[in-house]
Every structure is written in structure tokens, then in C-alpha cells.
Amino acid sequence: MQLPYAEPFKIKMVENIKKSTKEERLEWIKEAKYNLFKLSSDKIFVDLLTDSGTGAMSDQQWAELMLGDESYAGSSSFFKLKNTVTNLLGLPYFLPTHQGRAAENVLFSVLVKEGNFVPGNSHFDTTKGHIEFRKAKAVDCTIDEAFDTTVQHDFKGNIDMEKLENVFKITPKEKIPFTLITITCNSSGGQAVSMENMKAVRKLCNKYGIRVLYDIARFAENAYFIKKREVGYENKSIKEIVKEMFLYTDGAVMSSKKDGIANMGGFIALREEEIFTHACTYNIMFEGYITYGGMSGRDMGALSQGLKEATEFDYLESRVGQVAYLGKKLKKYGVPVQEPFGGHAIFIDLKRFLPNIPQSEYPAQLLAVELFIEAGIRGVEIGTLLADRDPITRENRYPKLELLRLAIPRRVYTNNHMDYVAVALKNIFDRRSEIKKGLEITWEAPIMRHFTVELKRA
Ligand code: F0G
């Protein structure tokens, strides 16, 4: 019999979490105006809000904290991190930032101008925010298969080459600063991008003289999917696959809080010196000197080690395997989920879970609220609230997918926690016909409303 995978680590320290009663949770969620971001974390039993900055560091990473060099300029921790990034990705120019959106802010300050178009595969919300803030437009060129959660497709993060070429054909070249590939694609469900697609995008961009950039928050999970699903990569190591992925880009922005298994951090990696030089000025203005960019030396050391661990096959097999474990359980209970399962999260399809609740009543947020009340679990809405309003018409933007995301922190929970989550969702699914009304907004911010929005039951 073939041996199953098992976590390539054992547990040295634990953090206690507390259960609560349904009565308490009903009260707390009402006080939080039905916005789970407003709940204090001691009220949560299993926190699947995000996999960002919530991972458990290894003993080697904690050891790196003690080796941190906190010199303002020229810190040895910076060079340690830079070497790791350059060795892994093969991109020579490197700038640390305090997190992913800071990397976007710095690099887009150089590249994105008013009236520009940035095509890509379902840009993440901060990315879109940084594009729209500069009065430019993010154009979604994701393949159509990504928007039907029942369709089986190994690479639902892929860019539709026809859609991309259409953008190139109708837009003057100087208005497209770059094409952005988000790897894996968070917004479509933690979906992978194939190597073939990266190559094809590179080729087309070369033809039209357009730069390619990657958003690489979860690049290691993407490499794992390539190894498992794409012909010709089954015998390559994760690090070899990562190296090849980056042959087809001019640079990348990274939120190190995901596949860096760090609690904080980000970076920019580039091939072009000229853009790097320009970005350095913005980094100094917004983030800090170019050899720390908002990170402490010890955190740069821990990140350097985290990147090495996150690109090990055994780690990725147990990490992505745990996400799939939850996905399979939910599927067994009939709960509709995006397939294939994502690398970092399971996404529940609300158009199939609560088909009678219209998107104008925020069904994914409603399920997030119900799940908290049911079992003290916190997920996050990836639907109409997150999609925000159109910046010009101020109308709600209704996304094609209305999802509740259950993001699994790295190396934090056991499969017993996954069983607990699956049963909680089954219980709600079994009584879904009793759920007749959604939610209504009572207050919202003009941009990125989902973080602070206040709601009531409709
Ligand atoms: N790009 C992607 C694909 C992301 O998922 C995120 C963050 C960012 C950029 C921004 O990075 O948070 O370090 O500033 N995603 C988190 C999430 C917040 O929960 O998915 P950041």
C-alpha cells in the first residue's frame, strides 16, 4: 500500500483557542454589525479569515529572528533575503517592502498612469485598488471556465489569450504599462496558472512590446500544481519549476505573508535596472531605506528561511493536501465548492448554496455570519461586498462569482479542525431552505468597503 503524506514537521508549541456558546456569538456578531473583520480574535474558534500573515513559523525561522541585523543601511539580513530571492526567482533587482500592497504602491507609482489599462487574471482587490486609485483600469482576461465552479479545469487561473490580444489590439501600446498574472489567482478561487499559459502570455506580450509582471503571493503553491497537473513537470523539483516560471516575467510583486510563511513583509523583484532605480525613490519615500523597506532585519531573515521551506515538495504536499482534505469533506456533504480546490483556500459557491438570496443581499457575507453563529468559525466574503461600487456610476458591481472563502493558515490547524469546519457547514447547508433573507448595508466607506462596512439583517 502506498504511504499517505504526513506533515513534514512536529509541533513544538501550541496556542490555546476557546469555544463559545451560540447565544454569545449571536450577540457578538450583532455588535460587530455583521462584519467579521470587526470581531476580536478571542471570539473566534477556527479563524479562516485569511492565510495571510497567519502561518506558523518553523524553529529555523524563529532562530533567524535572533540573527537579525538591524542596521539601517546594508543589513546582512537584507543580503541574506536578497540572495534567497535572486537564487529562487532569478530576478536580479530586489526591494523589500512592508507587505504586498506596499510593493504594488511603490511599483505602480513608477509604472501606472491615469488612463492606462492593466490586463490580467482577476486582479486581487488591493491590486485593483492601486490601479483604480491612479485612474487606470484593470481589465479581467481570466478564462471563462473560472467563473463556473462546476467546470473541471486544471488551470482556472489562466489568462484567455484571445481576450488579452483583444485588449492589445484596441489599446495604444503606451497605455498598457504591463500585463499582470496573479499566481495563484486568489480572486477566482486560489486557482493555478499553467506554465504553458505563462509562456503564451510572454510570447504575445513580446509581439506587442508589452511588459509582463507577476503577483506572486502564492507562487510556490502554483508550482506544486504545475508539478502535479502539467505534462512534462512531474519529475522536476519545485525549485526548478519556480525558476522556469520566472523566465517569462520582467518582474514581480510579492506579499511575503503567504508563501513566505512570514507574519509580515513583501517585496519587489525586477529584471530591468531602470525601473528598479526609479522604484528605489518611491521605496524610500513610502517604505524606508532600500535595504529594509519597512521590514526589520530579523523579519527579513525569517522570510529568507520561510521562502526556502515553502518551496519544498513535502511541505507543499501537506499544505495543499490539507486544503483538499477540507474540500473533499464538503463535497461529500453536498456543499457546492469551486473545483478544482484552491491552493490556499476552499471557496463555497453561494449561487448554488443560497440561490434564492440575490447578490444585492450579500449571500456570501450572510453565510459568513451564519458560519460564525453556528460554530465560531470565521471565513471571508469574496463577492459583492468585496467587488465594491463602480468608481464612476457608484452602482454595486456584481461579480460573476459570489463566494465564501475558507483560507487555511499554513501549518496552524489539524485535520480535526477541518472536520469541525466541514460539519458546521453541512449543518447550515441542511437547513438552507429556512434562510430567506440576506443583509443590508447601513454604512460603507467609499473604497475597499468590505473591511469596515456595517450591515443589518434585511
Ligand atoms: N496579491 C494577492 C494575490 C493577495 O492575495 C494579496 C493579499 C495581496 C496581493 C496584498 O498583499 O495583504 O500583503 O498587502 N491577500 C490577503 C488575503 C489579504 O486575505 O487574500 P498584502
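In this chain, numbering begins with 1 at the start of the sequence shown. Ligands are counted one by one from 1 in listed order, and the atoms in each one are counted from 1 as well.
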| field | Within the 6.0 Å centroid threshold, strictly below: Phe133 and Phe108 | value |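 Between Phe133 and Phe108, the centre distance exceeds or equals 6.0 Å.
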| query | Can you name the one residue among Lys43, Gln365, Glu381 that meets side chain to side chain contact (heavy atoms under 4.5 Å, CB included) with Leu36? | reply |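 It is Gln365, the one option of Lys43, Gln365, Glu381 that forms the side chain to side chain contact (heavy atoms under 4.5 Å, CB included) with Leu36.
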| message | Once ring-ring contact (aromatic ring centres under 6.0 Å, His included) is applied, do any residues pair with Phe78, and if so which ones, sequence neighbours excluded? | response |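 Scan of Phe78 (ring-ring contact (aromatic ring centres under 6.0 Å, His included), adjacent residues dropped) gives Phe94.
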| field | Residue list, salt bridge (Lys or Arg N to Asp or Glu O under 4.0 Å) with Asp47, at least two apart or on another chain | value |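 Scan of Asp47 (salt bridge (Lys or Arg N to Asp or Glu O under 4.0 Å), adjacent residues dropped) gives Arg378.
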| field | Partner set under side chain to side chain contact (heavy atoms under 4.5 Å, CB included) for His417, not counting sequence neighbours | value |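 For His417 the side chain to side chain contact (heavy atoms under 4.5 Å, CB included) partners, ignoring immediate neighbours, are Ile17, Val46, Tyr413, Thr414.
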| field | Residues lining ligand 1 [heavy-atom distance under 4.0 Å, listed by chain and residue number] | value |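 For ligand 1, the contacting residues are Thr50, Ser52, Gln99, Gly100, Arg101, Glu104, Phe124, Thr126, Thr182, Asn186, Asp215, Arg218, Ser255, Lys257, Lys258, Arg405.
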| Could you give the distance from OG1 (Thr249) to CD1 (Ile216), rounded to the nearest 0.5 Å? |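 Answer for the OG1-CD1 pair, Thr249 versus Ile216, is 8.5 Å.
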